[in-house]
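As structure tokens, the structure follows; a few thoughts come after it.
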Amino acid sequence: MSSTSQKHRDFVAEPMGEKPVGTLAGIGDVLGKKLADKGFDKAYVVLGQFLVLKKDEELFREWLKDTCGANAKQSRDCSGCLREWCDAFL
């Protein structure tokens, strides 16, 4: 398994609260703005989509690619971050 980024570790270390979408691993300023422009301005809104897709990481990565143009690494980082957060807090 690949190592995780500091951003990933920071995100999964605590409850999500009102964190902006850009705090998710794999989501930087550009993708964060694209997501926010489509209504996904908070990390919990993106989590909601992850849950609607029944935590299916492949479907979520495809959705992220279609919604904001995330590449394979960005979508993998984001889905892994959300999965680990769910494992810890749900």
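What you see is a predicted model; the values in this text were computed from it and never measured. Keep in mind that the numbers below use all heavy atoms, side chains included, and drop hydrogens, waters and symmetry copies.
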Residue pairs involving residues 10-24 (criterion side-chain hydrogen bond (donor to acceptor under 3.5 Å, both in side chains); sequence neighbours excluded):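 Found Gln6-Asp10, Glu14-Lys19.
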Return each pair, listed once, that meets side-chain hydrogen bond (donor to acceptor under 3.5 Å, both in side chains) where at least one residue sits in residues 33-44; pairs must be two or more places apart or across chains. Lys33-Asp37
Tell me if the CG atom of Asp29 is crowded by more than 12 foreign heavy atoms within 6.0 Å.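 Atom CG in Asp29 is not crowded, with 12 or fewer foreign heavy atoms closer than 6.0 Å.
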To the nearest 0.5 Å, what is the distance between [atom1] on [X] and [atom2] on [Y]?
{"X": "Thr67", "Y": "Gln49", "atom1": "OG1", "atom2": "CD", "result": "7.0 Å"}
{"X": "Cys78", "Y": "Leu64", "atom1": "SG", "atom2": "CG", "result": "5.0 Å"}
{"X": "Ile27", "Y": "Cys81", "atom1": "CD1", "atom2": "SG", "result": "9.5 Å"}

Does Ser75 form a side-chain contact (heavy atoms from CB on, under 4.5 Å) with Lys65? I'd like the steps, not just the answer. CA-CA 7 Å; Ser75 62; Lys65 177 184 166 195; 5.7 Å; no
Within the structure provided, determine whether Leu51 and Leu90 are in side-chain contact (heavy-atom separation under 4.5 Å). yes
Let me see the working for Arg61 and Arg76 under side-chain contact (heavy atoms from CB on, under 4.5 Å), right down to the final yes or no. CA-CA 7 Å; Arg61 288 192 299 262; Arg76 196 170 46 248; 4.2 Å; yes
Mind listing the closest non-hydrogen atom pair of Gly69 and Gln74 along with its distance? O-OE1, 4.4 Å
Which atom names give the shortest non-hydrogen contact between Leu31 and Gly26, and what distance separates them?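 Here Leu31 and Gly26 meet closest at CD1-O, 3.7 Å.
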Phe50: which residues meet the ring pair (Phe, Tyr, Trp, His ring centres under 6.0 Å) condition with it, sequence neighbours left out? Phe60
Under a single-linkage definition using a 4.5 Å side-chain heavy-atom cutoff for Ile, Leu, Val, Met, Phe, Trp and Tyr, are Val52 and Val45 assigned to the same hydrophobic cluster? no
In sequence, state the C-alpha distance, the side-chain angles, and the governing distance for Leu82 and Leu24, and then conclude on side-chain contact (heavy atoms from CB on, under 4.5 Å). CA-CA 8 Å; Leu82 288 171; Leu24 287 163; 3.6 Å; yes
How are the rings of Phe40 and Trp63 set relative to one another: parallel (under 30°), tilted (30 to 60°) or perpendicular (over 60°)?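 Perpendicular, since the angle between the ring planes exceeds 60°.
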Using side-chain contact (heavy atoms from CB on, under 4.5 Å), reason through Cys86 and Leu47 one step at a time and then give a plain yes or no. CA-CA 9 Å; Cys86 287; Leu47 171 66; 3.5 Å; yes
